[in-house]
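Below: one structure, written as structure tokens.
Within every chain, numbering begins at 1; the chains are lettered A, B, ... in the order of the sequence lines, protein sequences first and strands thereafter.
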Amino acid sequence: MAELEVQIAGVSFKNPLIAASGTFGFGHEFQAFYPLSTLGGISCKGLTLEERPGNPPPRIAETPGGMLNSVGLQNPGVEHFIREDLPWLKRQGTGVIANIAGNTPEDYCAMAERLSEEPVDMIELNISCPNVKQGGAAFGTSCESAASITSAVRRHCKKPLMVKLSPNVADIGGIAAAVEDAGADAISMINTLTGMRIDIRTRRPILKNNTGGLSGPALLPVALRMVWQASSRVKIPIVGLGGISTWQDVVEMLLAGASAVQIGTVLFSDPYAPVKMLKGLETYLEENHVGSAAELTGRVRSW
Amino acid sequence: MAELEVQIAGVSFKNPLIAASGTFGFGHEFQAFYPLSTLGGISCKGLTLEERPGNPPPRIAETPGGMLNSVGLQNPGVEHFIREDLPWLKRQGTGVIANIAGNTPEDYCAMAERLSEEPVDMIELNISCPNVKQGGAAFGTSCESAASITSAVRRHCKKPLMVKLSPNVADIGGIAAAVEDAGADAISMINTLTGMRIDIRTRRPILKNNTGGLSGPALLPVALRMVWQASSRVKIPIVGLGGISTWQDVVEMLLAGASAVQIGTVLFSDPYAPVKMLKGLETYLEENHVGSAAELTGRVRSW
Amino acid sequence: MKPYDTFDCAVLQNRELAPGFFDLTVSCLQAAQTARAGQFAQLMVPGKTLRRPISICEIDRNQGTLRFVFGVRGGGTLQLSRLKAGDQVNLLAPLGNGFNLGDTSRRVLLAGGGIGVPPLLEAAKPFGKRAVLTAGFRSRDAVILKEDFEKLGCGVRIATDDGSFGHHGLVTDLVEDIPFDVVFACGPKPMLRAVAALAHRRGVPCFVSMEERMACGIGACLGCAIQLQGENGPYYGHVCKDGPVFPAETIVWEE
Amino acid sequence: MKPYDTFDCAVLQNRELAPGFFDLTVSCLQAAQTARAGQFAQLMVPGKTLRRPISICEIDRNQGTLRFVFGVRGGGTLQLSRLKAGDQVNLLAPLGNGFNLGDTSRRVLLAGGGIGVPPLLEAAKPFGKRAVLTAGFRSRDAVILKEDFEKLGCGVRIATDDGSFGHHGLVTDLVEDIPFDVVFACGPKPMLRAVAALAHRRGVPCFVSMEERMACGIGACLGCAIQLQGENGPYYGHVCKDGPVFPAETIVWEE
Ligand SMILES: Cc1cc2nc3c(=O)[nH]c(=O)nc-3n(C[C@H](O)[C@H](O)[C@H](O)COP(=O)(O)OP(=O)(O)OC[C@H]3O[C@@H](n4cnc5c(N)ncnc54)[C@H](O)[C@@H]3O)c2cc1C
Ligand SMILES: Cc1cc2nc3c(=O)[nH]c(=O)nc-3n(C[C@H](O)[C@H](O)[C@H](O)COP(=O)(O)OP(=O)(O)OC[C@H]3O[C@@H](n4cnc5c(N)ncnc54)[C@H](O)[C@@H]3O)c2cc1C
Ligand SMILES: Cc1cc2nc3c(=O)[nH]c(=O)nc-3n(C[C@H](O)[C@H](O)[C@H](O)COP(=O)(O)O)c2cc1C
Ligand SMILES: Cc1cc2nc3c(=O)[nH]c(=O)nc-3n(C[C@H](O)[C@H](O)[C@H](O)COP(=O)(O)O)c2cc1C
Ligand code: FES
Ligand code: FES
């Protein structure tokens with residue numbers, strides 16, 4: 001049997017399938033389908049220092065091959081997570097990644113420091129959320145701001161630090177290199193592309209927030225390209241995500257340069273998708289006589 | 001009957017549906033389906049100063065809700081176009097837009113100058129093609145380079161000048177404003193997002209060029225968002241494109257801020273798509289008592 | 001027993017009830033055992049990123065079937081309308097809280113608007129003669145399920161927007177002289193608001209079934225937010241998990 | 001008459017010829033009148049961005065039908081394999097140049113590899129006994145259309161990769177003692193190359209049908225490039241418009 005376990009920045013995940021932040025809540029709802037230990041890990045819903053109400057509805061719009069969301073980081077705050085969700089999550093036998101977002105660098109640092117005392121396996125820095133300092137532009141869209149927030153958090157973070165990159169940029173490779181230099185232990189990519197839909201009956205944007213984040217299969221080729229580009233610029237491991245919905249997509253993402261993957265939007269149409277992917281991946285490894293999932297990482301032979 | 005004619009930078013198009021560059025060749029192949037005068041206009045396959053062989057195959061890969069191409073501007077060169085295609089095209093009773101791309105600013109300027117003497121209705125500056133100066137980064141991905149190429153061409157161009165923007169950027173509004181300031185008469189947007197697919201059997205990228213441009217429905221929400229953002233930054237008209245495949249998409253794009261639209265990838269699955277869109281648009285205008293297509297432009301009531 | 005699960009279900013019947021309204025019955029043994037009135041299912045539509053939430057209209061525990069009645073609104077419901085007996089459809093069900101029917105010896109007012117009427121049918125069953133349906137539709141063409149409620153012994157009063165059937169006017173116009181102890185309502189927001197106000201004036205508990213655009217359907221994505229009245233002011237609850245049925249007084253009708 | 005057009009066609013039959021290989025007949029009156037051997041159609045697959053190019057295997061002008069034989073490779077052909085009699089499928093056809101059959105009193109060698117065999121069937125018709133098919137398949141399981149060629153009176157020689165049927169080896173192994181004046185070939189590139197070399201050694205004209213990934217199928221998008229030998233050196237032609245059939249000597253076998 002092929003080895004599915006992978007190591008990301010010193011943390012071992014029993015398989016390379018991790019639930020993507022914001023699509024899996026804190027795991028409670030999905031245990032109806034299978035034990036959470038089925039997954040390599042869970043990246044929890046994005047946390048902020050204080051509770052956040054999120055954006056007004058509608059928050060969801062469908063797009064061809066994808067969807068938009070403008071949930072806006074609705075969450076109960078980091079303390080509530082530590083008190084109410086984390087103890088339970090830790091008992092589920094899966095890797096736990098805390099995904100954090102802030103309005104200010106100080107917020108990020110405070111959360112990283114607080115979570116460093118708790119039994120989370122990894123901290124994922126979401127630097128691609130809207131509504132942050134710098135006149136609304138996200139930290140994740142320039143090398144300088146991405147590097148500065150990473151190094152600030154690095155100083156407060158005792159856990160392995162994974163930085164989650166935004167795809168709304170011209171040079172993803174540059175940003176990946178910048179966060180590596182600034183001390184990131186791993187990179188996860190990609191977050192959502194910004195999109196919009198309009199209701200032609202009401203002539204209003206479908207989302208009350210006007211725009212939202214595009215996720216789902218439509219995103220896959222962009223995510224693959226970006227992971228491939230970033231992986232040639234950094235040595236730290238990359239967790240690939242964006243539109244993965246079949247086991248073949250998982251294999252593609254690993255080949256492109258990812259050491260593990262995150263699974264998001266597909267869970268909404270098929271909550272069992274990770275179970276099917278795991279099976280497909282195992283069969284692929286065996287049929288192709290590949291000893292371990294880790295051996296696929298970056299093994300695309302580019303032209 | 002609602003008025004379908006639209007004006008873009010002083011050029012009138014009998015309806016707002018224009019074939020997108022690279023998806024319609026020089027029109028010859030599509031006259032098998034309907035007279036080209038069905039369309040408001042045709043943006044011809046991208047031209048370069050000299051003939052270009054294009055990239056090696058495979059050049060096409062499918063993606064969920066979209067496709068990648070790496071045709072690489074295969075074209076017979078601007079002189080050949082003027083000699084062999086333009087005279088015929090001018091007789092078809094539709095607007096003719098020459099789409100140009102260059103390796104250097106000088107190339108662009110020379111083509112604009114040359115085409116200014118010919119009976120094309122408009123020149124579309126493709127500043128989002130790969131393989132240009134500046135170490136491989138496209139002109140279209142920074143405000144400075146986009147502005148400088150636009151103003152250089154502006155000085156050599158006697159025709160209405162439309163600049164076609166790349167979506168592979170962090171701040172589309174800034175780039176739109178920069179090309180307006182630099183003298184563009186109109187903007188068309190968006191070109192393709194860069195993407196990749198990998199064949200998991202051969203473990204090679206499907207495209208010989210490794211990466212290619214993502215087009216098709218998957219792109220629609222990104223295009224709508226960018227047109228909406230750009231339209232709040234510029235006064236010049238915007239021709240919207242990217243993933244439009246139904247008449248509803250046409251209406252959405254106009255509402256988002258476009259004065260006309262271009263139709264690309266959908267032509268591959270349904271060459272008759274523009275005919276259907278025209279009919280749907282007319283019905284929508286009538287049922288909603290809108291006197292003209294132009295009245296839809298920018299009429300989304302944002303939240 | 002899992003609280004909800006995905007099921008590949010055989011379509012037993014799908015017929016057009018009224019122009020643009022479809023009546024779909026599927027075989028779903030497990031969900032039929034646990035489903036309750038007012039709960040919903042997320043129906044998979046091949047090729048679409050998101051499932052479509054549709055209320056359960058009837059539950060037949062013996063046959064192991066679920067009935068859905070839906071209107072064609074866009075591409076997803078159009079595709080669902082084309083399902084034929086023998087086809088398969090994948091359901092995520094049962095979801096949400098449903099109507100808490102409580103003491104079924106009470107007199108219940110069922111207030112429905114258009115495509116909001118279907119979920120009230122299963123709720124009507126235990127009340128029978130003690131239920132009155134007041135339902136509003138666009139026009140005579142769009143009147144659905146009238147006979148189904150009559151068969152249960154319910155009183156039925158219909159209003160249409162254009163007066164082409166029953167009362168010419170609003171659902172709330174029909175209620176004046178009806179006595180009731182509890183209200184279950186489903187329909188457009190303005191109607192629900194008016195019904196809630198009416199129930200409030202009478203001092204009678206009112207439960208409304210709400211709609212919002214959904215992704216997961218199970219409370220994980222936080223997509224289907226709805227503003228609710230909380231102890232410390234308004235907050236965003238979620239239609240799929242906290243609802244779709246809410247006590248009317250918890251709804252913030254205007255944001 | 002339009003050179004090509006889109007057609008909504010009724011599926012008359014779709015059956016599994018051999019494991020993973022399907023035999024699809026559709027009614028397409030207009031295209032059946034103008035189509036020629038070696039041309040292809042682009043089949044629409046609902047939900048997919050791109051049509052799928054499939055060669056025309058047989059043309060029945062009287063019945064107004066087209067026959068396609070295809071293997072399941074990925075999602076698109078899988079969906080096509082599920083078409084049932086009575087379903088509709090949209091075709092863009094006929095496309096490409098086809099085989100120039102020329103003087104049909106010549107002796108023709110039809111060299112096919114796997115799923116490259118189908119387009120040779122229509123080409124075989126006017127030659128009948130003067131045609132010999134040499135065809136290679138993966139294994140006994142994958143042998144298709146053998147009887148169809150035999151019915152036309154063609155000589156048939158089969159090779160399989162694993163020796164489970166006919167000759168254990170390559171298509172080109174079968175040709176040694178066959179006399180022929182012209183070659184039509186379709187199959188994997190290495191096979192075509194070997195066949196072309198063989199024809200070249202015999203000084204006989206050889207025409208090969210090539211494959212490339214396609215978008216438009218009509219020559220507009222320049223997607224399906226193939227390197228060809230031109231007067232001024234190699235250049236990129238296009239399989240859908242300049243081909244899919246090319247004189248073997250114009251192909252640049254290695255880039
Ligand atoms: C809990 C609940 C129960 C429902 N029960 C019924 C029912 O019994 N019968 C019925 O006819 N309809 C019902 N609806 C509405 C039904 O979900 C929508 O009409 C349907 O999703 C429209 O899909 P579409 O693809 O046809 O439309 P499109 O507009 O193409 O859909 C695009 C996206 O928007 C969503 N969407 C569009 N309109 C609505 C809406 N009104 N509510 C929620 N999401 C929407 C779709 O789900 C999809 O994600 C219910 C909605 C909810 C939330
Ligand atoms: C002119 C021509 C004639 C053909 N005739 C036949 C035939 O008669 N019978 C038959 O079984 N097959 C034929 N093929 C190959 C057939 O087109 C592919 O097997 C099919 O497109 C695969 O689609 P898919 O969705 O199953 O695979 P996927 O791999 O999922 O397809 C993804 C994309 O790649 C394209 N693609 C994948 N493989 C090929 C290929 N080998 N050639 C071209 N495009 C490909 C698809 O069209 C699609 O756009 C022909 C190809 C060409 C170009
Ligand atoms: C409803 C929803 C909520 C999300 N919330 C978060 C979040 O809180 N933090 C975060 O880093 N990413 C969030 N994301 C982004 C996903 O983690 C992921 O990056 C993106 O959806 C692309 O992956 P997918 O296509 O597999 O869904 C959210 C995505 C969705 C669809
Ligand atoms: C095969 C192909 C070739 C293209 N060639 C060009 C080109 O030469 N010049 C250009 O400006 N855009 C080119 N494009 C981009 C399209 O004009 C358009 O911007 C893009 O495809 C998005 O629109 P769509 O989704 O409607 O196709 C090409 C697109 C495709 C699919
Ligand atoms: S739809 Fe996901 S929380 Fe309700
Ligand atoms: S597929 Fe478009 S040119 Fe051949």
Which heavy atom of P58(B) sits nearest to which heavy atom of R213(D), and what is that distance? CB-CD, 4.2 Å

Closest contact, heavy atoms only, G223(D) versus R59(B): O-CB, 3.3 Å

Are the side chains of T6(D) and P271(B) in touch, meaning some heavy atoms are under 4.5 Å apart? yes

Part of F24(B) within contact of chain D (heavy atom distance under 4.5 Å): backbone

Go through G66(B), P64(B), A218(B) and name the one with the most non-hydrogen pairs under 4.5 angstrom from chain D. G66(B)

Is R83(B) atom CZ crowded by more than 12 heavy atoms from other residues, nucleotides or ligands, each under 6.0 Å away? yes

To the nearest 0.5 Å, what is the distance between CZ on F268(B) and CZ on R51(D)? 12.0 Å

Shortest non-hydrogen separation from V71(B) to L222(D) and the atoms involved: CG2-O, 3.6 Å

With only heavy atoms counted, which part of Y235(D) is less than 4.5 Å from chain B, the side chain, the backbone, both or neither? neither

Chain D heavy atoms under 4.5 Å from S245(B): which part of the residue, side chain, backbone, both or neither? neither

A side-chain contact here means heavy atoms from C-beta on lying under 4.5 Å apart; do Y272(B) and D5(D) qualify? yes

If you look at every heavy atom in M44(D) and S269(B), which pair is closest and at what distance? SD-O, 3.9 Å

Should Y236(D) and N55(B) count as side-chain neighbours, where that means a heavy-atom distance under 4.5 Å? no

Do any N or O atoms from the side chain of E62(B) and from the backbone of K48(D) form a donor-acceptor pair under 3.5 angstrom? no

Using a cut-off of under 4.5 Å for heavy-atom pairs, which of E29(B), M67(B), Q31(B) has the most such pairs with chain D? E29(B)

Among I206(B), D270(B), L267(B), N69(B), who wins on heavy-atom pairs under 4.5 Å with chain D? I206(B)

Is T23(B) close to chain D through its backbone or its side chain, or both, or neither, when contacts mean heavy atoms under 4.5 Å? backbone

Taking atom CD of Q33(D) as the centre, does the number of heavy atoms from other residues, nucleotides or ligands within less than 6.0 Å exceed 12? yes

Nearest heavy-atom pair of T49(D) and T265(B): which atoms, and what distance? CG2-CG2, 3.7 Å

